[in-house]
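For this chain, numbers begin at 1 and follow the sequence in order. Both backbone and side-chain heavy atoms feed into the values below; hydrogens, waters and symmetry mates do not. For clarity, every value in this text was computed on a predicted model and none was experimentally measured. Every number for a ligand or one of its atoms is a count from 1 in the order of the listing.
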Amino acid sequence: MARQPLVVANWKMHKTAAEATDFVERLAVTLLPGSVQIVLCPSFTAIPAVAAALEKRKWQLGAQNCHAAAEGAYTGEVSAPQLKAAGCEYVIVGHSERRRLFGETDADVRAKLEAALAAGLRPIVCVGETAEQRAAGETEAVVTEQVRAAVSGLAPEQVRRLVIAYEPVWAIGTGQTPTAADAQAVSAVIRRLVGELAGPDAAAAVPVLYGGSVNGDNAAAFAAEPDIDGALVGGASLQPLGFSAVVRAFAR
Ligand code: PGA
């Protein structure tokens, strides 16, 4: 059950191509090669620059979104095959900002996930409850529904290519987090459900990340939990020092 730790930087709508390149150079100074798989997810406009900057490194490139169609008349959209051709290995799908601000449904997320898999990308599927849902005791039900919508009916070998990020909506960008024990409990629910839907090998293989106000101070507590394999990092990923502190917390 040796899953490699995975720490993903989600820069959201930050950094120009030049700023993203500068980040890579500075991160390389603060981080020695180690056991953690690092994925950087810049804006579309910075993807070519980061791809070039990553050529001599083991870190990988991801995008923050893709369209469900491989090509077509979708002005302003970017497809999964375009991302793959630009050097991406990963793509985030179903981030709560996409669900909340851009109206993405579970069905949209599923369609994007399938497009990503078809293009040879690894989808990072985000799930998580709102503050209201948590207060109503619905966390497990909400996360179960979202994971089921993403995973059910996929072949086990497809499920093995997924990454699932548990990101409580109320923890994103707020400085608030669940306890590591709470995040572990939800991560265990996710892994058990993946097992029910796709079998024990898939459940053992799928990395489950925690996301939501992760930083260098709290990452070690999440890293100590058996079902939390890494982190999806927003705000703290914008500075090389802050991001490398999270990476170090997940290093074995
Ligand atoms: P945050 O964002 O680390 O700034 O809370 C995490 C995310 O949205 O993926």
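- Looking at Arg122, its side chain never comes within 3.5 Å of a backbone N or O of Ala116 through a donor-acceptor pair.
- Residues Gln64 and Met13 approach most closely at OE1-N, 4.5 Å, considering heavy atoms.
- One finds no salt bridge joining Arg192 and Asp227 here, because no Lys/Arg side-chain nitrogen approaches an Asp/Glu carboxylate oxygen to under 4.0 Å.
- The immediate protein surroundings of ligand 1, defined as residues with any heavy atom under 4.0 Å of it, consist of Asn10, Lys12, His95, Glu167, Ala171, Ile172, Gly173, Gly212, Ser213, Leu232, Val233, Gly234, Gly235.
- Between Phe23 and Trp11, the angle of the ring planes goes over 60°, which puts this pair in the perpendicular group of the 30/60° scheme.
- Each side-chain hydrogen bond (donor to acceptor under 3.5 Å, both in side chains) pair with one or both residues in residues 72-87, not counting sequence neighbours, appears once here: Ser79-Gln82, Lys84-Glu89.
- The shortest non-hydrogen separation linking Ala219 to Val214 is CB-CG1, 4.0 Å.
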